[in-house]
There are 2 protein chains.
Amino acid sequence: MTYPLTREFLAGRLREHLSQNALTHIEDLIESVEEHGDNVQLVESGVSLDDSHLLIEGFVLRTIETGERRFIVGIHVPGDFIDLHRFALKRLDHTLVSAGSVRLGAVPHERLQTVMNERPDIARAMWFATLLDAAIHRRWIQALEQLDAPRRIAHLYAELHERLTMIGRQVPRALRTPFTQLDLADMCGVSAVHANRAVAKLRELGIGEIRRGDLYTDDWDALKRYARFDGSYLYGHGALKLQDD
Amino acid sequence: MTYPLTREFLAGRLREHLSQNALTHIEDLIESVEEHGDNVQLVESGVSLDDSHLLIEGFVLRTIETGERRFIVGIHVPGDFIDLHRFALKRLDHTLVSAGSVRLGAVPHERLQTVMNERPDIARAMWFATLLDAAIHRRWIQALEQLDAPRRIAHLYAELHERLTMIGRQVPRALRTPFTQLDLADMCGVSAVHANRAVAKLRELGIGEIRRGDLYTDDWDALKRYARFDGSYLYGHGALKLQDD
DNA sequence: CGTTCCCTTGAGTAGTTTCAATACTTGTGG
DNA sequence: CCACAAGTATTGAAACTACTCAAGGGAACG
């Protein structure tokens with residue numbers, strides 16, 4: 001069983017507790033695979049409104065636009081259902097944008113409806129996935145309340161490091177992203193100029209070197225310590241691990 | 001049908017789309033009612049770990065504590081399920097604390113399990129409720145990224161005004177809360193001293209007067225404009241309203 | 001009627017913003 | 001293969017926002 005499309009869904013989290021049967025069922029939810037280039041608005045574009053989408057490859061940003069400025073309120077990595085909540089909410093309060101090129105798996109809402117009615121085990125996993133998003137949101141709130149700009153950027157990469165590791169993508173010394181410094185600024189709620197200075201400070205401190213979105217470090221622990229990062233909110237195999245019930 | 005305990009659950013949002021049967025079933029989920037005083041840690045205290053809780057009366061804060069400092073990452077008003085996600089996550093990444101005295105309705109997880117298996121309509125409403133929390137989290141992230149301290153405080157009260165109105169509690173001229181300025185500071189990610197100056201600025205600008213947590217204003221629209229508040233993220237009866245499906 | 005918590009104010013410091021100018025990178029067409 | 005354009009990154013200076021430390025004032029509760 002390889003599950004080429006959904007292999008990373010909840011990997012490192014609840015996935016290990018799902019039955020083979022459920023995993024196969026989840027793989028079969030994907031009706032089609034779509035590819036998109038950089039900076040594509042995934043909601044208005046070719047993406048159907050009656051589907052929800054699993055991110056298979058690449059990064060997706062959740063943004064809120066206000067005429068003047070863009071705010072990034074979340075990042076998604078492969079294995080994340082990026083708009084599962086649209087199935088329940090019908091509309092989104094924000095925009096989904098690709099960062100770099102992406103591959104998405106489309107799941108028709110009628111199939112999700114069937115899951116809700118007939119497969120409570122899978123429904124619960126879906127619910128769990130959206131709750132993970134909420135837990136990440138809470139940490140972002142706290143990071144914005146607690147940290148200065150350099151630490152916010154470090155926290156961002158620390159979280160990505162952890163999330164990528166959980167889905168089995170090891171990040172030895174370089175974490176590659178397509179993010180510009182303006183993207184980092186919009187994620188951290190600071191100006192682009194200040195994001196640049198924050199990046200420079202991380203370099204000076206020896207915490208990590210960010211070049212065109214790629215972070216290079218040889219001491220992830222030091223980076224995480226600097227960012228006051230504690231990954232338990234990601235509900236991976238650790239302190240807050242989901243117990244067998 | 002009055003539903004004395006759960007009358008405010010999803011009121012102004014999905015509630016109107018639920019059947020009488022479902023509403024009765026939801027009311028019957030509540031096994032017992034608990035009362036707690038001010039500043040009680042609801043997770044460690046008398047509150048059972050095998051229950052989730054509906055807030056019936058009062059305010060509850062979601063906080064993350066870090067030895068040195070406390071960060072508030074969310075507020076709950078009556079009608080909110082404050083720890084519904086514990087049913088799915090089993091553990092929480094944060095703490096729930098009463099702000100002022102509260103009444104909670106306890107729902108045993110076994111009843112929720114039955115709902116998940118047998119009542120997809122109610123399960124979906126529960127899911128919807130946790131997604132609303134996530135939408136509010138996203139707006140908080142954006143508010144922290146976008147707004148200065150006085151506007152953050154104004155946004156906070158604007159949101160509370162809207163949420164209380166949705167559950168049928170009109171807020172004509174005074175919005176009463178038990179929040180201290182230190183609470184406001186911890187919600188907005190600023191120091192207590194600065195929260196005080198922000199409150200003073202709102203007063204000087206004629207936006208609103210906050211005295212011991214109670215906000216007095218005679219122009220809610222002006223306050224919301226000042227805070228750049230747009231309530232569509234709350235998924236009430238408006239632009240982003242849930243369509244009949 | 002005093003203690004305690006909460007609010008207020010002042011002064012100096014640190015973090016962040018804006019505006020503005022300059023360099024580096026990448027991709028494209030000649 | 002070079003030249004240019006567009007996007008991205010860097011740096012400086014002045015203004016603003018927010019922080020800390022510190023002290024004093026006010027309101028609620030016993």
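Here is the naming used below: chain letters follow the sequence lines, and residue numbers restart at 1 for every chain.
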#### Entry: Any side-chain donor near an acceptor of the partner, B/Lys224 and B/His155, under 3.5 Å
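The answer is no; no qualifying pair exists.
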### Query
Taking atom types as modelled, is there a side-chain donor on B/Glu159 or B/Tyr233 under 3.5 Å from an acceptor on the other?
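Note: B/Glu159 and B/Tyr233 side chains meet the donor-acceptor criterion.
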#### Entry: Below 4.0 Å: OP1/OP2 of C/dT8 and any side-chain N or O of B/Arg203
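So the side-chain polar atoms of B/Arg203 do come within 4.0 Å of the phosphate oxygens OP1 or OP2 of C/dT8, strictly under.
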### Task
Check whether any side-chain nitrogen or oxygen of A/Gln181 sits under 4.0 Å from OP1 or OP2 of D/dG7, and answer yes or no.
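Indeed not, no polar side-chain atom of A/Gln181 lies that close.
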What is the separation between atom [atom1] on [X] and atom [atom2] on [N], rounded to the nearest whole Å?
X        : N      : atom1 : atom2 : answer
A/Asp38  : D/dT8  : CG    : P     : 9 Å
A/Leu144 : D/dA18 : CG    : C1'   : 15 Å
B/Asp183 : C/dC5  : CG    : C1'   : 12 Å
A/Asp148 : D/dC19 : CG    : P     : 12 Å
B/Arg211 : C/dC6  : CZ    : P     : 18 Å
B/Asn196 : D/dG25 : CG    : C1'   : 12 Å
A/Gln146 : D/dC19 : CD    : C1'   : 15 Å
B/Leu147 : D/dT17 : CG    : P     : 14 Å

### B/Arg138 and A/Asp93, any side-chain heavy atoms less than 4.5 Å apart
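The answer is yes; the side chains approach within 4.5 Å.
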### Query
So, do A/Val107 and A/Glu31 sit near enough that their side-chain heavy atoms are less than 4.5 Å apart?
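No, every pair of side-chain atoms sits at 4.5 Å or beyond.
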### Task
Check each of A/Ile210, A/Asp214, A/Ile153, A/Ile75 against A/Phe179 using the side-chain contact (heavy atoms from CB on, under 4.5 Å) test, and report the only one that passes.
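Going through A/Ile210, A/Asp214, A/Ile153, A/Ile75 one by one, the side-chain contact (heavy atoms from CB on, under 4.5 Å) with A/Phe179 is satisfied by A/Ile75 alone.
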Regarding [X], tell me which of base, sugar-phosphate or nothing describes its non-hydrogen contacts under 4.0 Å with the strands shown.
X        : result
A/Ala149 : sugar-phosphate
A/Val199 : nothing
B/Gly213 : nothing
B/Ala192 : nothing

### Message
Ignoring hydrogens and geometry beyond distance, is the side chain of B/Arg197 in donor-acceptor contact with the base of C/dG10 at under 3.5 Å?
### Response
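Counting by modelled atom types and ignoring angles, a donor-acceptor contact under 3.5 Å is found here.
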### Message
Can you see whether A/Tyr216 has A/Arg173 sitting over its ring - NZ or CZ less than 6.0 Å from the centre and within 45° of the normal?
### Response
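No, A/Arg173 does not sit over the ring of A/Tyr216.
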### Task
Identify, between A/Arg69 and A/Arg212, the residue whose nearest nucleotide on DNA chain C lies closer to the 5' end.
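Nearer the 5' end of the strand: A/Arg69.
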#### Entry: Pairwise 5' ranking along DNA chain C for A/His194 and B/Thr180, keeping only the more 5' one
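Upstream on the strand: B/Thr180.
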### A/His85 ring center within less than 6.0 Å of A/His94 ring center
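Yes: the rings meet the under 6.0 Å criterion.
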### Task
Could you provide the dot-bracket string of DNA chain C, using ( ) for intrastrand pairs, [ ] for crossing pairs and | for bases paired to another strand, with Watson-Crick or G-U pairs below 3.5 Å?
|||||..|||||||||||||||||||||||
